[in-house]
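Read through the structure below, which is laid out as structure tokens, and then see the notes.
These values consider heavy atoms only, across backbone and side chains, with no hydrogens, waters or symmetry-generated copies. This is a predicted model, so every value here is computed, not measured.
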Amino acid sequence: MAINVDNIPAIARPVFTRREALLKDMPLFIGLSRKDFEETVKQIHYNRKHYKKGATITSEGTPCESLFFISEGWVRIETESDNHAYRFEETMQAPVIIEPDKLFGMTTSFHSTYIAHTTCEVLEISKDEIMRLIEQFLIVRLNLLNIICRKTQHLEHLPWTACTDNATSAITAFIKSHVHYPAGKKVLYIKMVQLAKELGYARLEISKALNALADAERIILKRGIIEIPALQLL
């Protein structure tokens with residue numbers, strides 16, 4: 001949260017305008033002083049949009065020309081493998097910034113599709129506006145770097161994690177390495193034969209491991225679907 005007021009006595013808590021309230025939870029503004037935050041909010045230009053349940057906010061492959069900040073609601077994230085053999089689905093609650101790392105670099109298209117799981121309020125800030133903010137405010141520049149660095153460091157760490165020595169741990173590692181957020185409900189749409197192929201195990205071994213996880217109530221098995229009610233408990 002950009003400005004933490006939980007520990008401030010009610011009488012001393014800042015009173016936010018509607019415009020300020022929309023932006024106060026955006027990670028880009030973490031650490032800004034009250035004065036700088038008010039100044040930033042006055043200057044920033046954005047489009048405020050509302051999406052009905054089921055509406056697509058942005059799709060995989062769409063050029064990232066703006067920063068999307070989901071300020072209210074739940075968003076469903078759908079990510080498909082390059083060979084279209086499987087896909088992941090997960091839900092996240094606002095506040096959520098959609099792939100800020102895609103604003104710059106060699107790959108500037110969204111990797112996943114984002115759909116309003118409930119009614120969502122979304123603030124869209126153009127890339128030019130983001131460039132102006134990071135040029136004007138050092139803390140905004142550092143916050144954006146921190147967001148990108150956290151993701152980079154996480155991905156850098158993945159190849160060095162301990163090798164899996166059984167089908168159960170291989171399934172768990174596969175799921176955890178493909179999600180945006182390491183908690184909450186996830187759904188993997190994949191055939192058992194394909195999962196065995198992805199993990200390098202025999203289909204029978206994968207079947208036994210999945211059924212054991214289902215018996216332990218850590219997953220729910222359906223035809224071609226693996227539902228994980230709470231990833232943090234997997």
Answer yes when Glu129 and Arg132 have at least one side-chain N-carboxylate O distance shorter than 4.0 Å, and no when they do not. yes
Between Lys186 and Leu234, is a side-chain contact (heavy atoms from CB on, under 4.5 Å) present by the stated rule, with each step listed? CA-CA 11 Å; Lys186 318 291 176 185; Leu234 183 62; over 6 Å; no
Determine the minimum heavy-atom distance between Ser66 and Phe110, stating which atoms define it. O-CZ, 4.2 Å
Compare every heavy atom of Gln232 with every heavy atom of Gly184, then report the nearest pair and how far apart it is. N-OE1, 2.9 Å
Gap separating the CD1 atom of Ile125 from the NE2 atom of His45, nearest 0.5 angstrom: 11.0 Å
More than 12 heavy atoms of other residues, nucleotides or ligands under 6.0 Å from CD of Glu217: yes or no? no
Yes or no on side-chain contact (heavy atoms from CB on, under 4.5 Å) for Val96 and Tyr114, after CA distance, side-chain angles and deciding distance? CA-CA 11 Å; Val96 176; Tyr114 297 79; 5.7 Å; no
Scan side-chain atoms only and decide if Glu78 and Thr113 contain a donor-acceptor pair under the 3.5 Å cut-off. no
Donor-acceptor pair, Glu99 side chain versus Ser112 backbone, under 3.5 Å? yes
Quick check: do Leu28 and Ile130 have side-chain heavy atoms less than 4.5 Å from each other? yes
Locate the shortest heavy-atom distance separating His180 from Glu90; write the atom from each residue and the value. N-OE2, 2.8 Å
If Ile, Leu, Val, Met, Phe, Trp and Tyr residues are connected whenever their side-chain heavy atoms lie under 4.5 Å apart, and connections chain through other members, are Leu213 and Tyr189 in the same group? no
Side chain of Lys127, backbone of Leu103: donor and acceptor closer than 3.5 Å? yes
Hey, are the side chains of Val75 and Phe68 touching, using non-hydrogen atoms and a 4.5 Å cut-off? no
Can you confirm whether Gln194 sits close enough to Glu198 that some side-chain heavy atom of one is under 4.5 Å from a side-chain heavy atom of the other? yes
Decide yes or no for Pro27 and Phe69: does some side-chain heavy atom of the first lie under 4.5 Å from some side-chain heavy atom of the second? yes
Begin from the C-alpha positions of Asp36 and Ile139 and carry the test side-chain contact (heavy atoms from CB on, under 4.5 Å) through to its verdict. CA-CA 10 Å; Asp36 284 344; Ile139 191 66; 6.0 Å; no
Do Arg34 and Glu38 meet the salt-bridge criterion of a basic N to acidic O distance under 4.0 Å? yes
Same cluster or not: Ile115 versus Ile225, using hydrophobic residues (I, L, V, M, F, W, Y) connected whenever any side-chain heavy atoms lie under 4.5 Å apart? no
I need the Glu80 CD to Phe88 CZ distance, nearest 0.5 Å. 12.5 Å
Can you find a heavy atom in the side chain of Leu195 that is under 4.5 Å from one in the side chain of Phe174? yes
Closest approach of Leu199 to Ala170 (non-hydrogen atoms, all atoms of both residues): CD2-O, 3.8 Å
Exercise: identify the closest heavy-atom pair between Thr168 and Ala209: OG1-CB, 3.5 Å
Exceeds 12 heavy-atom contacts within 6.0 angstrom, atom CZ of Phe104: yes
Cluster check Ile148, Leu133: I/L/V/M/F/W/Y, side chain < 4.5 angstrom: yes
What's the separation between atom NZ in Lys102 and atom OG1 in Thr58, rounded to the nearest 0.5 Å? 11.5 Å
In Å and rounded to the nearest 0.5 Å, what is the OG1 to CD distance from Thr118 to Glu72? 9.5 Å
When His111 is tested against each of Ile77, Asp101, Thr79 for side-chain contact (heavy atoms from CB on, under 4.5 Å), which residue passes? Thr79
Do Met92 and Met26 belong to the same hydrophobic cluster, where Ile, Leu, Val, Met, Phe, Trp and Tyr are linked whenever their side-chain heavy atoms lie under 4.5 Å apart, directly or via other members? no
Which of Val140, Asn146, Asn143 passes side-chain contact (heavy atoms from CB on, under 4.5 Å) with Ile30? Answer is Asn143
What's the verdict on side chain to side chain donor-acceptor pair (under 3.5 Å) for Asp128 and Ser126, showing C-alpha distance, side-chain angles and the deciding distance? CA-CA 5 Å; Asp128 288 341; Ser126 71; 5.4 Å; no
Identify whether Ile171 and Val193 are in the same connected component of the hydrophobic contact network (ILVMFWY, side-chain heavy atoms under 4.5 Å). no
Below 4.5 Å, heavy atoms only, C-beta onward: do Val122 and Ile98 meet side chain to side chain? no
From CG (Leu210) to CD1 (Ile219), nearest 0.5 Å: 5.0 Å
dist Leu144:CG -> Phe137:CZ (nearest 0.5 Å) comes out at 15.0 Å
